[in-house]
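Below is one structure, written out as structure tokens; comments come after it.
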2 protein chains.
Amino acid sequence: MTRTPPEPDAATRVAVSTVIFTLRRMPHAERAAVVLPLVRRTRDPFEGRWALPGGWLDVTEGLDAAASRTLAETTGLAPSYLEQLYAFGDVDRSPTRVVSIVYWALLRSDEVDAQLAEHAARGDAPENVSWFDAASLPPLAFDHNQIVDYALWRLRNKVGYSRIAHGLLPDAFTLGELREVNESILGRRLDPANFRRQAEASGTLIPTDAFRTGSHRPARLYRYNRDVELAERGPLLPAGSPASPSPEGIHA
Amino acid sequence: MTRTPPEPDAATRVAVSTVIFTLRRMPHAERAAVVLPLVRRTRDPFEGRWALPGGWLDVTEGLDAAASRTLAETTGLAPSYLEQLYAFGDVDRSPTRVVSIVYWALLRSDEVDAQLAEHAARGDAPENVSWFDAASLPPLAFDHNQIVDYALWRLRNKVGYSRIAHGLLPDAFTLGELREVNESILGRRLDPANFRRQAEASGTLIPTDAFRTGSHRPARLYRYNRDVELAERGPLLPAGSPASPSPEGIHA
DNA sequence: CCAAAAGTGTTCTGGCTACACCCATGA
DNA sequence: TCATGGGTGTAGCCAGAACACTTTTGG
């Protein structure tokens, strides 16, 4: 820290953006698609192009809070899982100098409709927002295509060693539903028998006494054990610290 | 992006800091210790305390470049591996609002002495810098203790699935030396026989015709295969893209 | 010759895969 | 009854752990 602080007019601004994924069941499609909301830009750099939801960092809020706030302001959505992805700060990634702290998030499929319906009922439905299949995006503003690709890579990675998939499911779910989420993210079929054993052995699932009926043989409903995932988190945060969440994501 | 840009005087400043590890052989110690350089603060917030090397982000440089530059300016060191760690931006982590983009880095043990000797010869030896055992740090400035803990966690994690250890070794090394690096980072003994097979099977090592003699039976020297690690990287970066390095670290 | 690290071989085990098979339900 | 997904059993394979053993040097 030997340098003097930058001049006030040496404008490096800090933005916060969020790549928020959910699953959408497409009719006639084998698997659900990973989709994300984008916002159409109405201003000069890249006007008319689609961009990640986000906004400027406020001086009075932390980074996590900024991600949640800007996401809500632009899309009306509140994520069920939120984790910092990466800080992008190349000089030429924007006409003006902008450092973007990017988050990635998950939203339970049932919550998407619920939250949007609530906004529609209140008359403050978000504008200029549209949902896109993550696998086939148009050219986005700034470096947002690369950012989405990186977020997708992280999501697929994390599915392998973490029980992140529950961020896309309602509280109670069947093992078949959980498997379908994993299949959608990974893009390939998983053996139902082996998936079941793995999931049960992970210790993160609590079987309930309820069953999902309607189709064929009723399937037992499971709940997610919120205590277990602490082990997956990074360092410290002594199990009850009220301080800022450690780097590794927060659950809503 | 519905909000207006922040006022120029709404001073959220962007700093860049680096946790740079190397190994130090302690006499009479079983394993080498993980050590890192810290800088004694000479200014108001936390004056006199030790802090991570870093500085303010310049408007004309990218984040990676800023990490390298501020690290060189404060400690005179140039890392052999550099990767972004996390962006810290809690409102109360500093008296004034500072968002810190933190990097973590590795430096080959042989390079440490070489680089410091070069600075000493030129008479621009860094001041107020001291090396600390990462396992027993004093209370540092700001939230730097937590940051170091998180960096250590990432380092230990990455050793498991990546061949990151070569960032702490000279170009040519024996499997015994490579194993000792892993043992120092993980803090436990590894079976020499199994470690050898794993390392050989990884495909990342190129055996040379040279041997390290002097102690007992001569040990074959290996070289690191720089082509392989690309697979470990994140997304895209089509194998020859000159653009900014993808999130996942750069090798010097 | 001895100590010690380099390097090889072998066994055991746990986890994962593949796949056969039974169970319970709606239609 | 049949089709379908839920759920169980099991054999094969492979990676890692443990450890016995041989090899090659310096002293």
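The basis for the numbers below is simple: all heavy atoms, side chains too, and nothing from hydrogens, waters or symmetry mates. Order of the sequence lines sets the chain letters (A, B, ...), proteins ahead of strands, with each chain counted from 1.
Under 4.0 Å is where a charged nitrogen must lie from a carboxylate oxygen, and between E183(B) and R188(B) no such pair does. Ion pairing between a basic and an acidic side chain is recognised when a charged N comes within 4.0 Å of a carboxylate O; R25(B) and E180(B) show such pairing.
The nucleotide whose nearest atom lies closest to any side-chain atom of P218(A) is, among dG7(C), dT8(D), dT25(C), dT25(C). For R197(A), the side-chain atoms get nearest to dT10(D) when compared with the rest of dT10(D), dA17(D), dA24(C). Among the nucleotides dT8(C), dT8(D), dG6(D), the one closest to the side chain of A219(A) is dG6(D).
Atom CG of N194(B) and atom P of dC14(D) are 18 Å apart (whole Å). In this structure, the CZ atom of F211(B) is 11 Å from the C1' atom of dG7(C), given to the nearest Å. For Q198(B) and dG7(C), the CD to C1' distance is 16 Å, given to the nearest whole Å. Regarding L178(A), its CG atom lies at a distance of 12 Å from the P atom of dG6(D), rounded to whole Å. Counting to the nearest Å, the P atom of dG9(C) and the CD atom of E200(B) are 11 Å from each other. The distance from atom CZ of F195(A) to atom C1' of dG9(D) is 20 Å, rounded to the nearest whole Å. Regarding D191(A), its CG atom lies at a distance of 13 Å from the P atom of dC16(C), rounded to whole Å. In this structure, the CZ atom of R220(A) is 14 Å from the P atom of dG6(D), given to the nearest Å.
The two residues L205(B) and P207(B) make their nearest non-hydrogen contact at O-CD, 3.7 Å.
Side chain of S100(B) to backbone of F88(B): no donor-acceptor contact under 3.5 angstrom is found.
Defined by atom type and a distance below 3.5 Å, a donor-acceptor pair is missing between the side-chain atoms of R154(B) and N157(B). Residues E83(B) and Y81(B) bring a donor and an acceptor atom of their side chains to less than 3.5 Å of each other.
Counting any heavy atom pair closer than 4.0 Å across all strands shown, R212(A) reaches no nucleic acid atom. Counting non-hydrogen atoms under 4.0 angstrom, A201(A) reaches nothing in the nucleic acid.
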Using a cutoff of under 3.5 Å, can you pull out all pairs of nitrogen or oxygen atoms linking the protein to nucleotides 2-4 of chain D, with atom names and distances?
residue, atom, partner, partner atom, Å
dT4(D), O2, H216(A), ND1, 3.3

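For the side chain to side chain donor-acceptor pair (under 3.5 Å) with Q115(A), the lone residue among E111(A), H119(A), E118(A) that qualifies is E111(A).
Sequence order on DNA chain D of the closest nucleotides to R188(B) and E177(A) puts E177(A) first from the 5' end.
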